[in-house]
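Counting starts at 1 for both ligands and their atoms, following the listed order. None of the values given here were measured: they were computed from a predicted structure.
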Amino acid sequence: MKKDDCIFCKIANGEIPTNSIYEDERFRVILDMSPATKGHALILPKEHFANIYELPEDWAADVMVLAKKMATMMTEKLGCDGFNLVQNNNECAGQTVFHFHYHLIPRYIGDNQKIQWNPTSPTADELKEVHSILTK
Ligand code: AMP
Ligand code: ZN
């Protein structure tokens, strides 16, 4: 299903022109309009899923295979030195467009970009508590 008021639905389905670098039955890959680095691209499903929680498992499997293929092709063509795959879900995690998308971010030595978090220092007990929540 598409969502009428969703810009990424329109872009993914060719209703709004964009710099498309790949397309198949399920996905379109476009250049990000405010790239972190040269070549920063987004994988967009052609169906509307707001986030990873809504994305069906078979689409999730396909998106990872496509991300690997795109990262390989882009690294060869752009000559980048590394690569980040980033995927944000919900506002508190930095999502600004609420149609699932996977960021493909080529990295270059000295590119001065940061995709980082502040490491914290939980105690062994605190780690154990999280472990117990996630394994019971
Ligand atoms: P996120 O913060 O993970 O939701 O990422 C949204 C990304 O979409 C940002 O990197 C924006 O620069 C990018 N973006 C938003 N609108 C467009 C558009 N019309 N065409 C290309 N990229 C877009
Ligand atoms: Zn959408």
Take every heavy atom of [X], measure it against each atom of ligand 1, and state whether any distance is under 4.0 Å.
X     : value
Ile16 : no
Ile11 : yes
Phe8  : yes

Is the count of non-hydrogen atoms from other residues, nucleotides or ligands lying under 6.0 Å from [X] atom [atom1] greater than 12?
X      : atom1 : result
Ile133 : CD1   : yes
Lys68  : NZ    : no
Asp4   : CG    : no

Query raised in the report: What about Thr18: any of its N or O atoms under 3.5 Å from an N or O on ligand 1?
Result: no

Requested in this report: Before signing off on this row, confirm whether Gly94 and ligand 1 have an N or O atom pair separated by under 3.5 Å.
Outcome: yes

Query - ring pair (Phe, Tyr, Trp, His ring centres under 6.0 Å) partner of Trp59, chosen from Tyr102, Phe49, Phe100 - result: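 Result: among Tyr102, Phe49, Phe100, Phe49 is the only option passing the ring pair (Phe, Tyr, Trp, His ring centres under 6.0 Å) with Trp59.
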
Query raised in the report: Which atoms of ligand 1 sit under 4.0 Å from any heavy atom of Ser34?
Result: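 Listed by number with element: 12 (O).
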
Query raised in the report: Which of the atoms of ligand 1 are close to Ile30, meaning less than 4.0 Å from one of its heavy atoms?
Result: 21 (C)

Query - From the candidates Met33, Gln95, His103, the one that places a heavy atom nearest atom 20 (N) of ligand 1 - result: Met33

Report task. Nearest heavy atom to atom 11 (C) of ligand 1 wins, so pick from Asn88, Asp32, Leu31, Asn51. Result ->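 Checking each option, the heavy atom nearest atom 11 (C) of ligand 1 is found in Asp32.
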
Query - Identity of the N, O or S atom of His48 lying closest to the Zn ion (ligand 2) - result: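 For His48, the N/O/S atom sitting closest to the Zn ion (ligand 2) is ND1.
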
Report summary line: For SG in Cys9 and ND1 in His99, the angle at the Zn ion (ligand 2) (nearest 10°) is 110°

Query - Structural part of Thr96 in contact with ligand 1, heavy atom criterion under 4.0 angstrom - result: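 Thr96 to ligand 1: contacts from backbone and side chain alike.
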
Report task. Answer side chain, backbone, both or neither: which part of Leu42 comes under 4.0 Å from ligand 1, heavy atoms only. Result ->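 For Leu42, the contact with ligand 1 is made by the side chain alone.
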
Query raised in the report: Can you tell me if Asp62 uses its side chain to pair, donor with acceptor, with the backbone of Val65 under 3.5 Å?
Result: no

Requested in this report: Using atom types as modelled and distance alone, determine if a side-chain donor or acceptor of Asn90 lies under 3.5 Å from a backbone N or O of Cys92.
Outcome: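 Not confirmed, Asn90 side chain does not pair with Cys92 backbone.
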
**Report entry** Identity and separation of the nearest protein heavy atom to atom 1 (P) of ligand 1
**Finding:**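 That would be His101 NE2, 3.1 Å.
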
Query - Validation row, ring centre His99 to ring centre His101 under 6.0 Å - result: no

Query - Residues Asp24 and Lys69 bridged, charged N to O under 4.0 Å - result: no

Query raised in the report: Asn84 and side-chain contact (heavy atoms from CB on, under 4.5 Å): which partner among Leu104, Ile115, Thr37?
Result: Ile115

